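See below for the structure under consideration.
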Amino acid sequence: MPPTDASPAATRTALDVQDLSAWFGAQPAVRGVSVGFREREVAAIIGPSGCGKSTLLRCLNRMHETVPTARVEGRVLLFGTDVYADGISPIALRRHVGMVFQRPSPFPTMSIRDNVAAGLRVRGGGAPSRAETDRIVERALRRSALWDEVKDRLKASAIGLSGGQQQRLCIARALATEPAVLLLDEPTASLDPISTQKVEDLLYELRSEVTVVIVTHNMQQAARVSSSTAFMLAGELVEMAPTARLFTAPADARTEAYITGRFG
Amino acid sequence: MATIPPPITVPQRSERPSVSQRAHAERTVRTLGRRKVVNGLMIGLTWAAALVATLPLLFIIF
Amino acid sequence: MIVGPRPLEEPSSGLAARLASAGVGDRVYRVAITLFAACVPLLLLLIAAEIARAAWPALRTFGFGFLTSSAWDPVNGAFGAAPALYGTIVSSIVALVIATPLAIGVAIYLSEFAPGWLRQPVSFLVDLLAAIPSVVYGLWGIFVLIPLLRTHVVPFLKDTLHLGATPLFSGPNYGPSMLAAGVILAIMILPYISAVAREVLLAVPRSQREAALALGATRWETIWGAVLPYARSGIIGGVILGLGRALGETMAVTMVIGNTHEISSSLLSPGYTMASLIANQFSEATGDLHLSALMAIGFVLFVLTLVVNALARWLVWRVARSA
C-alpha cells in the first residue's frame with residue numbers, strides 16, 4: 001500500500017499549524033502543536049477523549065475563540081495567510097474553512113433548501129439570485145450524496161430527515177459556500193452504522209475537491225477515510241504520519257499503546 | 001470599521017467556479033464591511049435596550 | 001445481561017393483595033385529579049355564565065349596537081361599549097409596539113452579550129418592574145410621565161419629527177392621554193415579555209449558534225438567522241402574555257388615560273378602557289340598566305381576552321408546526 005493516495009498535483013500545504021496552544025480560562029487544551037494538512041487530502045486527528053483534538057480543530061477556523069474565556073497562541077497558515085494575523089476577519093475566514101459538528105444541527109425553522117442556502121443567505125447583503133441559489137443548492141446536495149433522497153421535498157422541513165440525512169445536510173450546507181477546507185468534528189459519533197458508512201464514502205469522494213480534516217475517536221474510521229493521521233495525547237501532538245504507516249509502524253511508543261488498545 | 005481586512009485568498013479548484021460564482025465571491029468581500037457595521041449597530045441597539053429598560057425602575061424608585 | 005423478572009404464576013398472597021390495593025389507589029387518585037382538573041374549566045364557565053346573566057338586560061336592550069355605540073348616558077339609560085373597547089385595544093397595541101422590541105432587545109442582550117457580572121443585576125432590575133404595585137405606576141404616571149410627555153416628548157414628536165400632521169398625533173395634548181396609558185402599560189408588561197424571551201433564548205442550543213457562526217455569519221446574523229427563528233414560538237408566547245396583562249390592567253391606566261367616552265384617532269387625546277370604566281363606575285352605578293351595562297362591558301372584555309388567547313394559541317401552533 002502506498003503511503004498516501006493523494007492526487008499527484010496535491011503537494012501544497014493547505015493548513016500549516018505552527019506552535020499552536022489553546023486554553024479554556026487557565027486550563028490548557030492544546031500545547032504547542034505544529035502540524036501540516038496537505039491540500040486535497042483527508043487528514044484524521046485521533047486520540048483519547050479530552051486530548052485536545054476537537055479544540056485543535058476549532059482553532060483552525062477560529063471557532064475556539066467564540067467560547068468565553070477561550071484563548072489561542074501560535075499561528076495557523078491557510079495557504080500562507082496567518083488566520084490569526086491582525087485584520088483577518090474570522091467571519092471571512094469561516095467561509096473558506098467550513099465546519100461540521102458532532103451532532104447534526106440543521107436549522108429547524110428552515111426548509112431543506114434554505115438550510116443548504118443558509119451560508120449564502122445568512123449574510124447581510126448580496127445573496128445570489130433564486131436560480132443561482134437553486135443551482136448551488138443542487139450542487140451541494142449532490143456532493144453530499146443527499147440529492148436523490150431529498151430532491152422531491154426541498155421545501156419540506158429539515159427536521160423530517162433522519163439523523164444521518166441531517167448530518168449530510170449539514171455537510172451540504174458547509175459545502176454550499178465552496179470552502180477550500182472542510183473540518184469535521186466527530187461527524188458520525190451520533191449516527192448509526194449505515195449512515196456512518198454513507199458519510200465516510202462521501203468524505204472519500206470529497207477529497208479530490210476539498211481539503212478535509214476529520215476528528216474521530218474511531219480508529220477504524222481514521223484508517224478507512226484518511227491518507228494521513230495525527231495522534232494527540234494530553235494536548236500534544238505525538239506524531240503525524242501517513243495513515244497506513246501510523247497504524248502499522250508507529251514511531252512513538254505511546255501511539256502504539258493507543259492503537260493497540262492499551263489505553264483510551 | 002473603516003478598514004476592510006485583506007481578503008483571504010485560497011487557490012482555485014481544478015473545476016473552475018462559474019463567472020457568477022466569482023462575482024458572488026467579490027460581492028461577499030465588498031459587503032463584509034457593511035455586514036460588520038450592521039452587526040455593531042444591532043449589538044449596540046441591544047445594549048441601548050438594556051439601558052432603557054432599567055431606567056424606568058430607577059426613575060420610579062428615586 | 002438483563003435478568004428477567006421472576007415468573008408471576010404463583011405470587012404470594014401478600015403480593016397479590018398489595019398489587020390489588022395499589023390498583024385501587026391508582027383509581028382513586030385518577031378520579032380525584034380528574035375532578036380537580038375539571039374544576040378549572042368549570043370555574044371559567046361559571047364565571048362566564050354569571051357575567052353573561054348579569055349583562056343580559058343591557059345586551060337585550062341594546063343588542064349588537066352595544067359594541068358600536070359611543071353613548072354613555074346613565075341618566076337617559078343609553079350605553080355603548082365602543083369607546084372603551086377602542087381604548088382597550090389601542091392602548092394595548094401602543095404598549096406592545098413600545099414594549100416588544102425593547103423586551104426582545106433586553107433579552108438578546110442578556111442572553112448573548114451581557115458580561116457575566118452585569119447579567120444578574122440587569123435581569124433583576126427589569127424583573128423588578130413586575131413587582132411594583134399598579135397604583136405606584138399610576139402615581140408615577142401622573143406626577144412624572146404625563147408632565148414629561150407634555151413638556152418634552154409631544155413637542156419633540158410634533159416639532160422635530162413633524163408628526164403633528166398625522167392623525168395619530170394631531171390635536172392638543174392636555175395631559176392624560178392614550179399615549180400616557182400606552183407608555184405606562186409598556187413599562188408594566190416589559191418584564192413579562194423580556195423574562196419569557198430571555199429564558200427561551202437561553203434555551204436555544206449552543207449547536208445552533210455554532211452552526212451559524214461556522215457558516216461565516218456575524219454575531220448579529222447568527223442571532224437573526226438562527227437564534228431568533230429557533231425561539232420564535234416561545235417569544236410570541238411571551239408577547240401574548242404581555243398583551244393579556246395590558247388588556248386587563250386597570251388601576252394605572254385609569255389614573256393616566258383621562259376617562260373620556262370618546263373615540264379619537266389621536267393618541268394625545270384622553271380615552272377610556274373597559275377595565276377602568278368598570279372600576280370607576282361599578283360602586284356608584286345608578287340603576288339596574290347601568291349596572292347591567294357595566295357587566296356587559298366586563299363580558300366584552302372577557303370575550304376579547306379569550307379571543308386574543310385563542311389567536312395566540314393558534315399562532316404559536318402554526319409557527320411550531322411550520323418549524
Side-chain angles (χ1 to χ4, degrees), chain A residues 57-58 60-69 89-111 114-125 127 155-160 166-167 169-170 173-179 182-185 190, chain C residues 104 107-123 197-198 200-239 314-323:
Chain A
L57 193 75
R58 291 166 61 88
L60 302 183
N61 67 343
R62 295 184 63 173
M63 281 299 288
H64 178 63
E65 69 200 43
T66 64
V67 178
T69 76
S89 158
I91 310 296
L93 167 69
R94 291 178 197 137
R95 291 183 57 78
H96 297 293
V97 185
M99 189 168 214
V100 174
F101 299 91
Q102 182 171 343
R103 297 196 67 82
S105 53
F107 298 125
T109 57
M110 294 184 192
S111 67
D114 290 349
N115 257 282
V116 180
L120 315 168
R121 293 172 40 147
V122 84
R123 308 174 290 118
K155 288 205 167 67
S157 166
I159 293 300
Q166 287 186 9
Q167 193 61 303
L169 181 70
C170 291
R173 184 172 68 186
L175 289 173
T177 57
E178 302 283 339
L182 185 62
L183 310 176
L184 300 112
D185 188 359
S190 62
Chain C
I104 294 176
I108 292 173
Y109 173 76
L110 289 173
S111 69
E112 312 287 329
F113 301 125
W117 60 272
L118 211 56
R119 188 166 296 169
Q120 282 301 322
V122 173
S123 303
R198 185 181 67 216
V200 173
L201 289 178
L202 285 173
V204 174
R206 192 172 157 72
S207 64
Q208 289 286 313
R209 295 181 172 86
E210 294 207 323
L213 283 173
L215 286 171
T218 61
R219 291 184 79 183
W220 173 251
E221 286 161 354
T222 299
I223 291 164
W224 188 251
V227 178
L228 285 178
Y230 192 97
R232 64 186 178 183
S233 62
I235 293 176
I236 292 172
V239 171
W314 176 78
L315 198 66
V316 169
W317 173 77
R318 234 194 56 154
V319 164
R321 202 184 51 144
S322 75

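So that the names make sense, note that chain A is the first sequence line, chain B the second, and so on, each numbered from 1. Note that the structure is predicted; figures quoted are calculated from it, not measured.
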Below 4.5 Å from any heavy atom of chain C, which atoms of [X] appear? Answer side chain, backbone, both or neither.
{"X": "A/P106", "value": "backbone"}
{"X": "A/R173", "value": "both"}
{"X": "A/F107", "value": "both"}

message: Any salt bridge linking C/R209 with C/E112? Criterion: basic side-chain nitrogen under 4.0 Å from a carboxylate oxygen.
response: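 Here C/R209 pairs with C/E112 in a salt bridge, since their nearest N and O are under 4.0 Å apart.
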Give a yes or no on whether the backbone of [Y] and the side-chain of [X] come within a donor-acceptor separation of less than 3.5 Å.
{"X": "C/E221", "Y": "C/T218", "value": "yes"}
{"X": "C/E210", "Y": "A/S105", "value": "no"}
{"X": "A/R94", "Y": "A/N61", "value": "yes"}

